Amino acid sequence: MLCPCGSSLSFNACCQLYITQQVLAKTPELLMRSRFSAYATKNGQYIFETYGTAQRLKQSINEIQSWADECSWIALTIHHSDETTVEFSAYYIVDNTLCELREKSNFTMEQNQWRYIDGQIIVHNEIRKVNRNDLCPCNNYPTAWSVKKGKKFKHCCAK
Ligand SMILES: [Zn+2]
Ligand SMILES: [Zn+2]
């Protein structure tokens, strides 16, 4: 399986190493990518644990998990990253609607590990409705991880 983060590496050679805590994410971008991959693979626990300590207190793991479960996570595009921020777009389908979330996220180092603090939402849009017989939207994203070329949505990223 390709890594959901769009690196074009296999999942077990990329974000799975962070999600299973075999390797620490060395940069905010690597942590951000692994958090997206955790959403895509429905790993609410990892998403929860990679919030900063103060932010974790405000989070509900059940809410994170149900949000991850409800969505088909199509693709991630990284627009910019630096020492403490990452600007990205995450594309996902929920309720048969293709959506974009573009966010500039802030990260901090705690006990030698990068943690997500919060983000400024730049775009949070519904792009369009998707019918089950449409060409799967993942075909339009070069970084999509689950592409089955030419497949209808119902045979590809639909649940
Ligand atoms: Zn990855
Ligand atoms: Zn698809």
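Counting starts at 1 for both ligands and their atoms, following the listed order. Because the structure is predicted, anything quoted here is derived from the model rather than measured.
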Indicate whether the side chain of Thr85 and that of Asp82 have a donor and an acceptor atom separated by less than 3.5 Å.
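The criterion, which ignores hydrogens and geometry beyond distance, is satisfied for Asp82 and Thr85.
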Could you count the protein N, O or S atoms found under 2.8 Å away from the Zn ion (ligand 1)?
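N, O or S atoms of the protein closer than 2.8 Å: 4.
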So which of Cys99, Cys138, Pro137 actually passes side-chain contact (heavy atoms from CB on, under 4.5 Å) with Ile93?
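So, applying the side-chain contact (heavy atoms from CB on, under 4.5 Å) to Ile93 and each of Cys99, Cys138, Pro137, only Pro137 qualifies.
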Identify which one of Leu76, Thr77, Asn140 satisfies the side-chain contact (heavy atoms from CB on, under 4.5 Å) criterion when paired with Tyr91.
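Exactly one option meets the side-chain contact (heavy atoms from CB on, under 4.5 Å) with Tyr91, and it is Thr77.
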Leu9, Phe88: one ILVMFWY side-chain cluster at the under-4.5 Å cut-off?
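No.
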Please tabulate, for the side chains in residues 22-36, all donor-acceptor contacts under 3.5 angstrom to protein atoms that are two or more places apart in sequence or on a different chain.
from  : atom 1 : to    : atom 2 : distance (Å)
Gln22 : NE2    : Thr20 : OG1    : 2.8
Thr27 : OG1    : Leu30 : N      : 3.1
Glu29 : OE1    : Ser81 : OG     : 2.6
Glu29 : OE2    : Arg33 : NE     : 2.9
Glu29 : OE2    : Arg33 : NH2    : 3.3
Arg33 : NH1    : Cys5  : O      : 2.9
Ser34 : OG     : Leu30 : O      : 3.4
Ser34 : OG     : Leu31 : O      : 2.7
Ser34 : OG     : Tyr46 : OH     : 2.7
Arg35 : NH1    : Ile47 : O      : 2.9
Arg35 : NH1    : Thr50 : OG1    : 2.8

Contacts of the Zn ion (ligand 2) with protein N/O/S atoms, counting only those under 2.8 Å:
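Less than 2.8 Å away from the Zn ion (ligand 2) sit Cys136 SG, Cys138 SG, Cys156 SG, Cys157 SG.
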For the CD atom on Gln59, are there more than 12 heavy atoms of other groups (residues, nucleotides or ligands in this structure) within a distance under 6.0 Å?
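Yes, CD of Gln59 has more than 12 neighbouring heavy atoms, counting only those of other groups under 6.0 Å.
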Around atom NZ of Lys42, are there more than 12 heavy atoms from other residues, nucleotides or ligands closer than 6.0 Å?
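Yes - once you tally the heavy atoms of other residues, nucleotides and ligands closer than 6.0 Å, there are more than 12.
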Under 3.5 Å, which donor-acceptor pairs do the side chains of residues 122-133 form with other protein atoms, sequence neighbours left out?
from   : atom 1 : to     : atom 2 : distance (Å)
His124 : NE2    : Tyr92  : OH     : 2.7
Lys129 : NZ     : Thr97  : OG1    : 2.9
Asn133 : OD1    : Lys154 : NZ     : 2.8

Apply side chain to side chain donor-acceptor pair (under 3.5 Å) to Asn12 and Ser10, showing your working.
CA-CA 6 Å; Asn12 61 18; Ser10 70; 2.9 Å; yes
